[in-house]
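Below is one structure, written out as structure tokens; comments come after it.
Lettering follows sequence order; numbering is per chain, from 1. Only heavy atoms go into these numbers, but all of them, side chains included; no hydrogens, no water, no symmetry mates.
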2 protein chains.
Amino acid sequence: MPEDSAPPRPDQLAAYFAVMEVGNLLQHAVDQQLREEGGLSYIQFQILAALGESAEGRQRMTDIADRLVHSRSGLTYQVSQLAASGLVAKESSPEDERSVVVALTPKGRELLGRVLTGHIETVRRIFFTPLNDEDVTVLGDVLGRVRDHMRAVPPRSAAPRRKRGQ
Amino acid sequence: MPEDSAPPRPDQLAAYFAVMEVGNLLQHAVDQQLREEGGLSYIQFQILAALGESAEGRQRMTDIADRLVHSRSGLTYQVSQLAASGLVAKESSPEDERSVVVALTPKGRELLGRVLTGHIETVRRIFFTPLNDEDVTVLGDVLGRVRDHMRAVPPRSAAPRRKRGQ
DNA sequence: TATTGTTATACTCTATAACTATA
DNA sequence: TATAGTTATAGAGTATAACAATA
């Protein structure tokens, strides 16, 4: 429990604040666009996008939850919402009777495609406009490293609970 | 309403996803630390921090709201929570009878100082560890530009409502 | 026994609209 | 009339714990 450590340098603070504020503003803007054009929250969109990326438009609940941080019950809630709207369907897995496979419906795929255009446009407009190619490259590189590190580092007191590999 | 636009390049997608994921993970980690060590949500911490930064530890409701995006009512809620915990006090302004000034109490200042240490430590551990000085500089520069742009660009359909300058 | 997922429940947060009061 | 702020209210989202079923 390090009770003290060197105070952060101004440029470190600037970088930290910038990440937080940009992340917040970006999420806010994107969330609004998704709601207006597709009636989706950002997380619902992320779930659809994750399904759209995967091989046959289907994934297990647990794998989605792992990827999108959610608590299990939170994911159950969101998937229920999507299912109620007919955007996804729940199927039982033939391999493992315990697991539930979530599959994109044609309607879900259609909506995803439709919303994605505006999504990309929004991101381009508010995020990429002030950046040149080199900025984009550097940003992806640096933040990519941060992301990998964050994924690897356990959230401190958490994580060392029950996990398979652990 | 641009129905189509060139698809984003892979490096653009990488940069965008990295910003979003890093922002999310960072906020999540920070939020957890703040809750554990101070019983504060991230937004409550931000309010306290904003007050701590300002000249005499006090600011108007509206100025806080403008800075932290919140709706007015949302800010009223959060400040009420903080006031109920004795961390801030509401005062009426002598200059403008309509406005409410929020002031950090000694207890609030003490908590802020106490929590800040862990906050900085957390950010350092999960965010700055994989970065060298140049990374930090570049990140602050690039994201700083993005932030300034996002602040300037209206959220599309919003904003052009009632604003003084408008 | 561990894992997958759901349910019940309670809580936090946010936004909208209506309202009061001051400028 | 515009601004500052509150309140009521309703809805979305989240987390925890208890639970059932399968591996």
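- Taking every side-chain heavy atom of B/M61 into account, D/dT6 is the closest of C/dT6, D/dT6, C/dC13.
- None of A/L51, A/L82, A/I47 except one satisfies the side chain to side chain contact (heavy atoms under 4.5 Å, CB included) rule with A/L104; the exception is A/L51.
- Distance A/H70 NE2 to D/dA12 P: 15 Å, rounded to the nearest Å.
- Regarding A/Q59, its CD atom lies at a distance of 15 Å from the C1' atom of C/dT4, rounded to whole Å.
- By the neighbour-count criterion of 12 heavy atoms within 6.0 Å, atom NE2 of A/H149 is densely surrounded, having more than that number from other residues, nucleotides or ligands.
- At least one side-chain heavy atom of A/L48 sits under 4.5 Å from a side-chain heavy atom of A/L40.
- Rounding to whole angstrom units, CZ of residue A/R60 and P of D/dA23 are separated by 12 Å.
- Using a 30° and 60° split on the angle between ring planes, B/H119 and B/F45 fall in the tilted class, from 30° to 60°.
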Could you go through nucleotides 16-19 of chain D and list every protein N or O atom that sits under 3.5 Å from one of its N or O atoms, giving the distance for each pair?
residue: D/dT16; atom: O4; partner: A/S73; partner atom: OG; Å: 2.6

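- At a threshold of 4.0 Å, the pair B/R60-B/D63 counts as salt-bridged, since one of the basic side-chain nitrogens sits closer than that to a carboxylate oxygen.
- Look at CZ on A/R35: it is 14 Å from P on D/dG11, rounded to the nearest Å.
- Rounded to an integer number of Å, the gap from CG of A/L40 to C1' of D/dG13 is 15 Å.
- Inter-residue side-chain proximity for A/E36 and A/Q33 is flagged as unmet; no heavy-atom pair is nearer than 4.5 Å.
- Of the candidate nucleotides D/dG13, C/dC13, D/dT6, C/dC13 has the atom lying nearest to any side-chain atom of B/I43.
- Note on A/E53 versus A/R67: salt bridge recorded, some NZ/NE/NH1/NH2 to OD/OE distance being below 4.0 Å.
- Between the P atom of C/dT12 and the NE2 atom of B/H28 lies a distance of 17 Å, rounded to the nearest Å.
- The stretch residues 75-99 of chain A touches DNA chain C through A/T76, A/K90, A/R98, A/S99, each having a heavy atom under 4.0 angstrom from the strand.
- As rounded to whole Å, 16 Å separates atom P of C/dT12 from atom CG of B/L34.
- Panel note: side chain B/T105, backbone B/L87; a donor-acceptor pair is recorded below 3.5 Å.
- A/D63 has its CG atom 14 Å from the P atom of C/dT3, to the nearest Å.
- Using a 4.5 Å cut-off on side-chain heavy atoms (C-beta onward), A/D135 and A/N132 make contact.
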